[in-house]
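Shown next, in structure tokens, is the structure this report addresses.
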2 protein chains.
Amino acid sequence: MSRTRTPLSRERVFAAAVAVADADGLAHVTMRRVAGELGVEAMSLYHHVANKEALLDGLLEALMAEVDESVAAVERRSPEPDWRRALRRRFLTARSAMLRHPWAPQLITSRTSVPASVYGYYDRVLGTMVDGGLSYHLAHRGLHAFGSMALGFAQELFAPPGGEDVDPAAEEEEMAAMAGAFPHLAAMVASEVHDAGDEVLGWCDSQTEFEFTLDLLLDGLERASRSRDAR
Amino acid sequence: MSRTRTPLSRERVFAAAVAVADADGLAHVTMRRVAGELGVEAMSLYHHVANKEALLDGLLEALMAEVDESVAAVERRSPEPDWRRALRRRFLTARSAMLRHPWAPQLITSRTSVPASVYGYYDRVLGTMVDGGLSYHLAHRGLHAFGSMALGFAQELFAPPGGEDVDPAAEEEEMAAMAGAFPHLAAMVASEVHDAGDEVLGWCDSQTEFEFTLDLLLDGLERASRSRDAR
DNA sequence: ACCTGAACACCGTTCAAGT
DNA sequence: ACCTGAACACCGTTCAAGT
């Protein structure tokens, strides 16, 4: 039994946190559980992270590192001079990275302070807009307009982030109640399902919706840039 | 000491939950704390709500009831036939209601299933678009594009929902680090502060940004509607 | 220096017991 | 029918103690 005790480190702690979140969802990322993943007691973690907040900050840092890598890889392969196309592709790349970690949106929205890695990412987004000819004023508005879309996810109210336990029975029940109580939604579902021929619960193609909204914002920003500077 | 024990009820429980959230933030909305607010033991709550999830669902229902009231009051006072102006005003009314409860965004994004009251609200938003001449297909895209903006809040990454404890020292420190490490963000802040003459931390007018993004989306939807149906 | 056991003050929730 | 006390299995965190 040569239990070669690899010494703990911040990196190992954060990697374990990612593993737990991927496997069981964000709610299971507890000091005790992450420690268990490393074959150690909960209290040992406190030698490497100040407290649970710091653990979650590190979890977000690890996630952003993965996003940054994905984005950099794509942009190295084929540089894109047009700012709109560059941002579009970058956000969709971020999205594909985020989709591998369905707990990401909930983690980001729960953080009260944004770690440096997120600032770094947004700094590059801003740089792309300014290099593309947008004023700082309009680029600033662009940052706000994109919001979390820059990181690859929209505020999807009817398709929650997931990662936690989703009750399909409750969802079914909601759908049934919906048909009776909400005439416009029911008519819309009927109309869209008719066009798509898809099954009822799969009719929202969030990838398509994401791209549609993104293009609405990109087009609007460019139009504002071409006419006069906004406001 | 005539402790006139008003009997518990779902309504009283949810109202107490709102009071706790308003006073101390969402994290303090616990079974024990809400019960304490009502002068009762935690276990008594279980006679009126199934569990904590149900308590949070009720909290959201109470919030939506307030939003619905605000919106209905405005729309009774002065009906608005134009769908864009109607939605714009409705979302801004929702926003002013949400701003009274800074814990609202976090509550909504944390919910894994959306309660009926939210469906009702979105059903009316959809109805407004369809009555305004948008196809169900485009109106569906509109619902996704608005996302949480329909409820009055954007995914503000650099101005977190708040309600919980915010550490001003840490924020100060982040700002200082930003200036050195993130050239584009630093230049943007400098440029915007110069134009506005405002203090450093107050330069993001989220009301203005919210309206700008909202108009970008409304304009884009109308343009898509006027040309041909999207996609 | 790094890890740990026991302890503290909290959680949500169950269950048998009170009125 | 409605409320409760004690208990259980969890949290994050502190602190004195081990190696």
Side-chain angles (χ1 to χ4, degrees), chain A residues 1-17 19-21 23-60 103 106-107 110-113 163-165 167 170, chain B residues 1-17 19-21 23-60 103 106-107 110-113 163-165 167 170:
Chain A
M1 298 286 193
S2 67
R3 306 240 271 112
T4 41
R5 268 204 180 285
T6 336
L8 244 45
S9 69
R10 290 177 60 82
E11 288 65 38
R12 289 193 64 217
V13 169
F14 298 146
V20 171
D24 296 327
L26 204 55
H28 289 86
V29 178
T30 65
M31 300 300 277
R32 283 171 165 87
R33 177 85 164 70
V34 170
E37 201 76 9
L38 294 162
V40 108
E41 296 300 313
M43 301 74 203
S44 306
L45 300 184
Y46 284 88
H47 288 274
H48 299 94
V49 296
N51 48 33
K52 181 154 187 207
E53 289 299 292
L55 178 70
L56 293 178
D57 282 343
L59 182 57
L60 182 48
W103 41 269
Q106 208 192 335
L107 173 64
S110 77
R111 239 66 284 286
T112 94
S113 72
E164 307 303 307
D165 6 85
D167 183 356
Chain B
M1 295 288 193
S2 66
R3 305 240 273 113
T4 42
R5 267 206 181 284
T6 336
L8 244 46
S9 69
R10 291 177 60 82
E11 288 65 38
R12 288 192 65 218
V13 170
F14 299 146
V20 171
D24 295 327
L26 203 56
H28 289 86
V29 178
T30 66
M31 300 299 278
R32 283 170 166 88
R33 178 85 163 71
V34 171
E37 201 75 11
L38 293 162
V40 109
E41 297 300 313
M43 302 72 204
S44 306
L45 300 183
Y46 285 88
H47 288 274
H48 299 94
V49 296
N51 49 32
K52 181 155 185 204
E53 289 299 294
L55 178 68
L56 293 178
D57 282 343
L59 182 57
L60 181 49
W103 41 269
Q106 208 192 335
L107 172 65
S110 77
R111 238 68 284 287
T112 95
S113 72
E164 307 303 306
D165 7 84
D167 183 356

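We name chains A, B, ... by the order of the sequence lines, and we start the count at 1 in each one.
Ion pair R32(A)/E41(A) not flagged as a salt bridge, since none of the NZ, NE, NH1 or NH2 atoms sits closer than 4.0 Å to an Asp/Glu carboxylate oxygen.
Taking only side-chain nitrogens and oxygens, S44(B) never comes nearer than 4.0 Å to OP1 or OP2 of dC2(D). For Y46(A) and dT14(D), the shortest distance from a side-chain N or O to OP1 or OP2 is not below 4.0 Å.
Taking a pair to require two hydrogen-bonding distances under 3.5 Å in either a Watson-Crick or a G-U wobble arrangement, dA6(D) pairs with dT14(C).
Residue R33(A) contributes atom CZ, which lies 12 Å from atom P of dC10(D) at whole-angstrom precision. Rounded to whole Å, atom C1' of dC11(D) lies 12 Å from atom NZ of K52(B). Rounded to a whole Å, the CG atom of L38(A) is 11 Å from the P atom of dT4(C). Atom CE in M31(B) sits roughly 20 Å away from atom P in dA9(D) (whole-Å rounding). Look at CD on E41(B): it is 14 Å from P on dG12(C), rounded to the nearest Å. The CG atom of L45(B) sits 14 Å away from the C1' atom of dC11(C) (whole-angstrom rounding). Atom-to-atom, CE of M43(B) to P of dA6(D) comes out at 11 Å; the value is rounded to the nearest Å. Between the P atom of dG12(D) and the CG atom of N51(A) lies a distance of 11 Å, rounded to the nearest Å.
Under the 4.5 Å side-chain criterion, counting only non-hydrogen atoms from C-beta, L26(B) is in contact with L59(B). Put simply, the side chain of W103(B) does not reach to within 4.5 Å of the side chain of V29(B), judged on heavy atoms. The shortest distance between side-chain heavy atoms of L38(B) and L45(B) falls below 4.5 Å.
Judged by distance alone, with hydrogens and angles left aside, H47(A) brings no side-chain donor or acceptor close enough to the base of dC2(C) to form a pair under 3.5 Å.
For R32(A), whose side chain is taken as the heavy atoms from C-beta onward, the closest listed nucleotide among dT13(C), dG12(D), dC3(C) is dG12(D).
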